[in-house]
Each structure stands twice: as C-alpha cells, then as structure tokens.
J.: 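Quick one: the structure is below, and I'll ask about it shortly.
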Amino acid sequence: MKLLKYFLTCTLLMLVVGCASHSNKMEDAKTLIRYGEYSAAAAEMNELLNAERNKLLKEVELGVLNQLKGDYLASLEHLEVADRLADELYTVSFADLATRASTNATFTTYRGNIVERVYINYFKMLNYFYLAEQATSQQETQALLDSARVEARRAMILLDENVFKVGDYALAKEEKESALYKLQRVFAAVNGSVVNPKELVFRDNAFSHYLIGTLFEKMGERDSARVSYERSAKLYEQGYVKQYQLDKHTASQAWFDTARMLKATGDRRWNKVAKDKLSSNQRNELNQSAKGQGQLVVIQEVDMIAPRGELNLWVLIQNNRLVIRPIVTGTPKEQAYQLAWFYYLYADKGLLGVIERISAEDYLGLLTASHEKKLPIPGVLRSTLESIGLLEAMSSTGIRLSVPLLYYEELPVKKSYLTINGKNLGNLHLADNISGLAMAQHLVAAQAELTNAMAIEALRLSLCMQTGAPAPLCALAAGASTSADTRSWLSLPYEIRTLRTQLPAGDHQIKLTSDVAGYQIEQKQSVKIEAGKVHLVRLRTFAVDPSQPIPDKVKKVRKNNGFELTNTK
C-alpha cells in the first residue's frame with residue numbers, strides 16, 4: 001500500500017510540475033547564436049535574464065555575444081561588470097539557502113564557479129587582442145596591450161589563489177602515492193564509491209597560461225612568455241591532459257614554445273628542453289631560421305557547453321532508514337541519463353551494501369539496488385525529525401527534491417583541420433575541454449547538493465505543516481514548487497582546439513574545415529603575417545547543417561532585418 005501511494009504521489013507530482021530547465025528556456029537564444037544572429041540572441045537573453053538574481057549570468061552572456069559580433073568595447077564593459085560580480089559573489093551565502101527554502105533554487109543569486117571566473121578573464125584578454133590589432137597608432141596599440149597585460153596578471157593571480165587553496169598536480173601525485181590514500185580508495189571501492197572528488201578538483205588552467213604566454217610574446221616580453229609557456233607545458237604534462245582527456249600534443253607544443261623563447265633570449269637551457277621534451281621534427285624546426293617569419297595561432301571554439309538538467313528524487317523513511325529513489329522524466333534518452341547519474345553518484349552498489357541485503361534476504365532489493373539509496377537514521381536525526389513533526393510525514397508521504405545534473409552529450413563536431421594557401425597542416429588539437437571542466441565541478445558538488453536539497457525540502461515541508469495543513473497536501477505543494485538550479489553560462493564553447501604554425505610574412509588564406517556527422521563546415525579568413533610578430537585568429541564553430549531548413553525564429557529575425565531569405569533545402 002505504501003509503495004502504491006509512493007508511485008501515485010510521484011505521478012501526480014510529475015503532472016503538476018513540468019518545469020523547463022534553464023537551457024530549454026534559452027532554446028530560441030541558442031538557435032539564434034548558432035545561426036550567427038548575435039544581436040537578436042543578446043536581446044532575447046537580456047529579456048530572459050532581466051532579474052537581479054541573474055545579473056552575473058546576463059553580463060557574461062552579453063559579453064560573449066558582443067565579442068562574437070565584433071563589438072569588443074561593449075563586450076569589455078559587460079565582462080568588467082561580470083568580473084567584479086564574480087569576485088563578490090564567489091561563495092554561497094546562508095541567505096541563498098534561506099531564499100531557496102522559502103521559494104526554490106531558481107530564485108537564488110547566480111554566483112558562477114571557478115571555471116567560469118577563469119573564462120571571464122579569457123574573453124577579456126581576447127577583446128584586448130582584437131582591439132590592439134585594430135588600433136591605428138603604435139601608441140594606441142601599446143596602451144591596449146598594457147591593458148591586456150593587466151588582465152593576464154589578474155588571471156594569473158586568480159589561478160595562483162586556487163592552486164594555494166587546493167594544491168597543484170605535484171601535491172596531488174604525492175598524496176596519491178601515500179599509504180593512507182591507497183587504503184581510502186580500497187575502502188571507497190568496497191563501499192561502491194565510483195566518483196573520487198579529489199581527482200576531479202579544478203587545480204589550474206593550462207590553456208589560460210598558454211594564451212597568457214602568447215600575449216606576452218605578442219608584446220615582445222619573451223622571458224614572461226617563456227614562464228607562462230613552461231607553466232602551461234608542466235600543467236598539461238603533470239595531469240591536465242589526463243584529467244580532462246585532452247590532446248597530448250598540447251604539452252609538446254607548449255614545450256616547443258618554451259624552448260623557442262629560451263633560444264630567442266640566448267638562454268642555453270633551450271638545448272635541454274629540446275633534448276628532453278621535443279620530437280626530432282620539432283628539434284629540426286627549432287633549428288631553422290625564423291628570419292622573415294611570423295607566428296599564427298588559430299583558436300577554434302567549438303559549439304556550446306553541455307546544458308544543465310534536473311534529477312528528481314523522492315525521499316522516504318522506511319524501517320528506520322532514509323530511502324532515496326529517482327523519479328525519471330523526459331525522453332527515454334534523458335531518463336536513461338538520469339538513472340546513470342543517480343547510479344554513479346548516489347545509489348547503493350558497494351560490497352558492504354550487497355552483504356547487508358543478502359543477510360536481510362532482501363533479494364528484490366538486491367536486484368533493484370541501482371535505483372535507490374538507503375541511509376541509516378542516527379538517533380539525533382530521528383529525534384530532530386520527530387520534534388518538528390516530520391518523522392510521521394516522511395514515513396507515510398515522503399518529500400520530493402531536485403538536484404542538478406549535466407547532460408554531457410557527445411559533441412557533434414568531430415575532427416577539424418586547417419588548410420593554409422591550399423596546404424593541409426593537419427588536425428587542430430584539443431587544448432581545453434570546458435564541458436569536462438563543468439562536469440568535474442558538478443560531480444565534486446553532487447553530495448553537497450543532495451545534502452542541501454534534503455535539508456531545505458524537509459524545512460519547507462515542516463513550515464507548511466505548521467500552518468495546520470495535512471502532511472500529504474504539504475508534501476504535494478512543496479514537491480510541486482521545488483526545483484534544482486539549472487542555470488549556466490550557455491554561450492561558453494563546449495571545447496577549445498588550437499593549432500600553431502610559423503609562416504612567411506605576407507598575406508595568407510586560411511580555411512578551417514570541421515567534420516560533422518553527414519556534412520562539413522568550412523570557415524575561411526585572410527590573414528596578414530608580420531615578421532617576428534604573433535597573429536591570433538579565433539573562430540567559433542557551431543554544428544549547423546546547411547542542408548536543413550532555416551528555423552522559423554531565425555527567418556523572422558532576418559526578415560525584420562531586411563535580409564533576403566534563401567531556401568537551403
């Protein structure tokens with residue numbers, strides 16, 4: 001009877017709730033971005049994110065969109081505000097939890113995370129790059145590059161502070177080799193812990209240091225460039241490539257540029273770097289004259305970051321235990337993803353849990369163990385629940401809660417390669433995986449999200465019952481209004497790929513070709529290379545099939561702008 005009541009309540013709740021995620025609400029804006037209608041997308045986001053609690057999110061979105069449409073000064077204005085807000089709002093406050101208890105998670109202030117803070121600096125540095133290249137005088141160019149230097153220093157300080165808090169890869173390696181750590185992992189495996197938060201912690205950003213090195217080289221500060229290139233190379237090599245499944249070539253490229261800067265400043269250490277870290281082809285290239293040559297750095301930002309979704313859970317008390325079960329919603333694919341998320345992060349699956357079930361002869365529970373989590377209730381928790389009138393309610397009705405998840409879907413844009421003046425230079429290399437960084441942040445915070453959600457939803461149920469309303473009605477009302485925070489910075493790229501090459505001074509034609517399932521995307525650009533200078537090309541690639549009809553939302557925008565529409569079928 002209790003199980004029947006559970007399923008009837010859950011079904012009713014799902015009919016009542018039906019809340020769309022942040023990503024779904026932004027679907028029109030995302031479509032406009034993919035089709036290059038950045039002004040229309042900015043207007044859409046400005047309206048949807050108009051509430052004060054979304055201020056930081058609105059500023060970063062508008063910062064990226066203005067940069068994509070070429071308005072670098074407007075982009076900087078928005079990103080400066082975002083940078084200040086991100087610094088002020090970095091830690092979650094108790095007031096946020098209180099607001100969430102009286103409303104839900106979507107009404108709290110959006111605060112971002114360390115990865116987003118790093119990429120605010122990244123986009124600001126790019127703006128200064130572009131403005132410096134557009135400058136009409138040497139004085140203006142130098143002033144903009146000085147501003148870029150300040151931004152680079154701010155990025156380095158942010159990353160240094162984070163390393164101080166969580167430790168670097170060398171410290172992580174030392175810890176992993178300790179006997180205590182090995183025993184911890186053995187017992188974690190026995191208990192079914194699949195996710196190890198220590199291996200997912202964001203420590204530093206190798207790609208940011210590489211970009212900072214490129215900036216310093218562009219300014220002629222070769223020693224500073226060498227320091228940043230070397231830090232980038234060490235980070236990639238020590239753990240960043242493995243942690244986020246990047247291309248190993250990124251480390252060797254950073255080492256190559258380290259050796260190149262050492263050689264350019266007359267530092268004989270370049271020989272050792274070349275011998276220890278570079279391939280024979282790289283050593284040959286390093287020994288060739290760079291006279292009359294310039295550097296071309298191509299950065300490809302690929303599509304948009306994986307969106308956040310919501311996992312609904314039901315919590316009951318049965319046989320003096322908290323029982324947590326998932327309530328899956330959406331398409332079959334989404335439901336399967338939600339079950340997988342629950343299994344890996346929360347479900348009972350360890351050896352000790354299995355032994356306990358077998359001793360209790362709970363064979364049915366053993367077969368369905370991946371779809372629930374059982375926790376013993378300590379005496380102090382039981383007495384607390386009883387004192388606020390929740391013990392009976394949670395034993396008979398239970399509470400619904402929601403936690404965020406990340407839909408880490410496969411990227412549709414496969415390999416991409418660069419052609420210069422008709423010559424294929426090969427594939428671009430995966431230099432940063434922003435969706436991977438975001439996934440790691442989600443996994444590290446998952447247990448805290450569940451703990452906060454249980455406490456908040458229990459408090460909401462208690463407050464409702466204190467008004468005299470019956471427990472089942474309160475559970476239904478609280479469950480119908482609960483929601484996870486699915487907001488995220490959607491205009492961030494899914495991943496970043498790079499390729500660097502040396503070219504003779506003069507004009508060159510570049511073509512970036514990206515393979516997508518069933519079609520290719522080609523992006524062309526003319527570049528002017530100056531001897532001894534660094535030229536940066538940033539291209540954003542979206543998975544848009546040119547053979548498919550243009551979406552109605554895009555057609556409407558283009559019609560209003562007076563564009564002639566062409567049938568692409």
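Keep in mind that the numbers below use all heavy atoms, side chains included, and drop hydrogens, waters and symmetry copies.
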J.: Answer yes or no: is there a side-chain heavy-atom contact under 4.5 Å between L215 and V534?
T.: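 No, too far: nothing below the 4.5 Å cut-off.
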J.: Is it true that, when you exclude K415 itself, more than 12 heavy atoms of the residues, nucleotides or ligands shown sit nearer than 6.0 Å to its NZ?
T.: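 Counting other residues, nucleotides and ligands, NZ of K415 stays at 12 neighbours or fewer.
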J.: Hey, are R231 and D160 close enough for a salt bridge, meaning a charged N less than 4.0 Å from a carboxylate O?
T.: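 Looking at R231 and D160, the cut-off is met.
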J.: Evaluate side-chain contact (heavy atoms from CB on, under 4.5 Å) for L131 paired with L76, printing each intermediate quantity in order.
T.: CA-CA 10 Å; L131 288 168; L76 273 173; 3.7 Å; yes
J.: What do the steps show when you test Y210 against Y236 for ring-ring contact (aromatic ring centres under 6.0 Å, His included), and what is the final call?
T.: CA-CA 10 Å; Y210 188 81; Y236 276 128; 7.5 Å; no
J.: Starting from the C-alpha separation in whole Å, work towards a yes-or-no answer on salt bridge (Lys or Arg N to Asp or Glu O under 4.0 Å) for K55 and E59.
T.: CA-CA 6 Å; K55 177 72 172 173; E59 294 300 327; 3.1 Å; yes
J.: Give a yes or no answer on whether the side chain of R500 reaches the backbone of Q295 with a donor-acceptor pair at less than 3.5 Å.
T.: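 Not confirmed, R500 side chain does not pair with Q295 backbone.
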J.: Main chain of V201, side chain of Q243: is a donor-acceptor contact present, judged purely on distance under 3.5 Å?
T.: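 Judged by distance alone, yes, a pair lies under 3.5 Å.
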J.: Is it the case that the side chain of E61 and the backbone of S491 share a donor-acceptor pair, with hydrogens and angles ignored and the cut-off at 3.5 Å?
T.: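 Yes; at least one donor-acceptor contact below 3.5 Å.
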J.: Determine whether a donor-acceptor pair (N or O, by modelled atom type, separation under 3.5 Å) exists between the side chain of D87 and the backbone of D83.
T.: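 Judged by distance alone, no pair lies under 3.5 Å.
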J.: Does the side chain of W255 reach to within under 4.5 Å of the side chain of K234, using non-hydrogen atoms?
T.: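 Of all side-chain heavy-atom pairs linking K234 with W255, at least one is under 4.5 Å.
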J.: Could you go through K553 and E37, starting from their C-alpha distance and side-chain angles, then the distance that decides it, and tell me whether this counts as salt bridge (Lys or Arg N to Asp or Glu O under 4.0 Å)?
T.: CA-CA 10 Å; K553 182 73 177 180; E37 299 298 334; over 6 Å; no
J.: For residues E285 and N281, is any side-chain donor paired with an opposing acceptor at under 3.5 Å?
T.: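 No.
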J.: Considering only NZ, NE, NH1 and NH2 on the basic side and carboxylate oxygens on the acidic side, decide whether E151 and R154 come within less than 4.0 Å.
T.: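 A salt bridge links E151 with R154.
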J.: Take Q288 and N284 through the side-chain hydrogen bond (donor to acceptor under 3.5 Å, both in side chains) test and state the conclusion after the steps.
T.: CA-CA 7 Å; Q288 293 174 4; N284 290 336; over 6 Å; no
J.: If you round to the nearest 0.5 Å, how far is NE2 of H508 from CD1 of I529?
T.: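 Separation between the atoms: 5.5 Å.
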J.: Ignoring hydrogens and angles, tell me if any N or O in the side chain of E310 forms a donor-acceptor pair with the backbone of A484 under 3.5 Å.
T.: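 Yes, the answer is positive, given that a donor and an acceptor are paired below the 3.5 Å cut-off.
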J.: Just by modelled atom types, is the A431 backbone N or O under 3.5 Å from a matching donor or acceptor in the T250 side chain?
T.: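 Pair absent, no side-chain N/O of T250 close to backbone of A431.
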J.: Kindly indicate whether the side chain of R497, heavy atoms from C-beta on, has any atom under 4.5 Å from the side chain of D247.
T.: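 The answer is no, as the side chains (C-beta and beyond) never meet within the 4.5 Å cut-off.
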J.: Should the pair K69-D71 be classified as a salt bridge under the 4.0 Å nitrogen-to-oxygen rule?
T.: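 Looking at D71 together with K69, the answer is no, because their closest N to O distance does not fall below 4.0 Å.
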J.: Of all the heavy-atom pairs spanning A132 and T141, show the shortest one and how long it is.
T.: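 That closest heavy-atom pairing would be O-OG1, 3.6 Å.
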J.: Using side chain to side chain contact (heavy atoms under 4.5 Å, CB included) as the criterion, point out the one residue from L536, D507, I510, V298 that pairs with V527.
T.: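 Checked L536, D507, I510, V298 against V527; only one passes side chain to side chain contact (heavy atoms under 4.5 Å, CB included): I510.
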J.: Would you mind reporting whether H535 and E133 have side-chain heavy atoms less than 4.5 Å apart?
T.: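 Yes, at least one pair of side-chain atoms sits under 4.5 Å.
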J.: S483 and S402: which non-hydrogen atoms are nearest, and at how many Å?
T.: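 Scanning both residues completely, I find the closest heavy atoms to be C-CB, 3.9 Å.
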J.: Can you tell me how far the CD atom of Q523 sits from the CG atom of L418, to the nearest 0.5 Å?
T.: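 Q523 CD to L418 CG: 11.0 Å, rounded to 0.5 Å.
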J.: Is there a donor in the side chain of S514 and an acceptor in the side chain of Q300, or the other way round, less than 3.5 Å apart?
T.: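 A donor-acceptor contact under 3.5 Å links the two side chains.
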J.: Kindly give the heavy-atom pair with the smallest separation between Q245 and L430, and that separation in Å.
T.: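 Heavy-atom minimum between the residues: O-CD2, 3.6 Å.
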J.: Calculate, to the nearest 0.5 Å, the distance between atoms CZ and CG belonging to F542 and D303 respectively.
T.: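 It is 6.5 Å, given to the nearest 0.5 Å.
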J.: Given side-chain contact (heavy atoms from CB on, under 4.5 Å), test Y110 with R53 step by step and report yes or no.
T.: CA-CA 6 Å; Y110 185 81; R53 63 181 180 272; over 6 Å; no
J.: Report yes if the side chains of I33 and L65 come closer than 4.5 Å at any heavy-atom pair, otherwise no.
T.: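 I33 reaches L65 side chain to side chain.
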J.: For the side chain to side chain contact (heavy atoms under 4.5 Å, CB included) test, which of V227, T265, L262 pairs with R222?
T.: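 So the option named by the test is T265.
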J.: Compute whether any side-chain donor of one residue and acceptor of the other, for N421 and Q509, lie under 3.5 angstrom apart.
T.: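 Not at all, the side chains of N421 and Q509 share no donor-acceptor pair under 3.5 Å.
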J.: Before you tell me yes or no, could you show the steps for V544 and I521 under side-chain contact (heavy atoms from CB on, under 4.5 Å), namely the whole-Å CA-CA distance, both residues' side-chain angles and the distance that decides it to 0.1 Å?
T.: CA-CA 8 Å; V544 174; I521 299 170; 5.7 Å; no
J.: Measuring only between side-chain heavy atoms, which start at C-beta, is I299 closer than 4.5 Å to L211?
T.: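 Yes - at least one pair of side-chain heavy atoms lies under 4.5 Å apart.
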J.: Are any side-chain N or O atoms of E116 and backbone N or O atoms of S488, one a donor and one an acceptor, separated by less than 3.5 Å?
T.: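 Flag not set: sc E116 to bb S488 has no pair under 3.5 Å.
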J.: Assess whether a salt bridge exists between R149 and E221, defined as any Lys/Arg side-chain N lying under 4.0 Å from an Asp/Glu carboxylate O.
T.: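 Here R149 pairs with E221 in a salt bridge, since their nearest N and O are under 4.0 Å apart.
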J.: For E77 and N66, run side-chain contact (heavy atoms from CB on, under 4.5 Å): C-alpha distance rounded to whole Å, both residues' side-chain angles, the deciding distance at 0.1 Å, then the answer.
T.: CA-CA 10 Å; E77 287 178 11; N66 276 284; over 6 Å; no
J.: Do Q520 and T513 get their side chains close enough for a donor-acceptor pair, meaning under 3.5 Å?
T.: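 No donor-acceptor contact under 3.5 Å links the two side chains.
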J.: Rounded to the nearest 0.5 Å, how far apart are CZ of R308 and OG of S23?
T.: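 Here the interatomic distance stands at 11.5 Å.
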J.: Taking C-beta and beyond as the side chain, do L48 and D28 meet within less than 4.5 Å on heavy atoms?
T.: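 No. Closest side-chain heavy atoms not under 4.5 Å.
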J.: Nearest 0.5 Å, please: how far is NZ in K30 from CD in E44?
T.: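 One finds 12.5 Å between CD of E44 and NZ of K30.
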J.: Ignoring hydrogens and angles, state whether a donor on the side chain of D432 or Y240 is under 3.5 Å from an acceptor on the partner side chain.
T.: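 Distance-only check passes for D432 and Y240.
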J.: Of K533, R226, R260, which meets salt bridge (Lys or Arg N to Asp or Glu O under 4.0 Å) against E217?
T.: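 Answer after filtering K533, R226, R260: R260.
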J.: Is the backbone N or O of F123 less than 3.5 Å from a side-chain atom of Q67, with the two atoms forming a donor-acceptor pair by type?
T.: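 A pair under 3.5 Å: yes.
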J.: If I take atom OG1 from residue T258 and atom CG from residue D267, how far apart are they, to the nearest 0.5 angstrom?
T.: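 With rounding to 0.5 Å, OG1 (T258) is 11.5 Å from CG (D267).
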J.: Got a donor-acceptor contact below 3.5 angstrom from the S232 side chain to the S228 backbone?
T.: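 No; judged by distance alone, with no hydrogens or angles, the pair does not exist.
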J.: Please check: side-chain N/O of Y244 versus main-chain N/O of G436, any donor-acceptor pairing under 3.5 Å?
T.: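 Absent.
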J.: Are any of the side-chain heavy atoms of W341 and Y407 separated by less than 4.5 Å?
T.: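 No, every pair of side-chain atoms sits at 4.5 Å or beyond.
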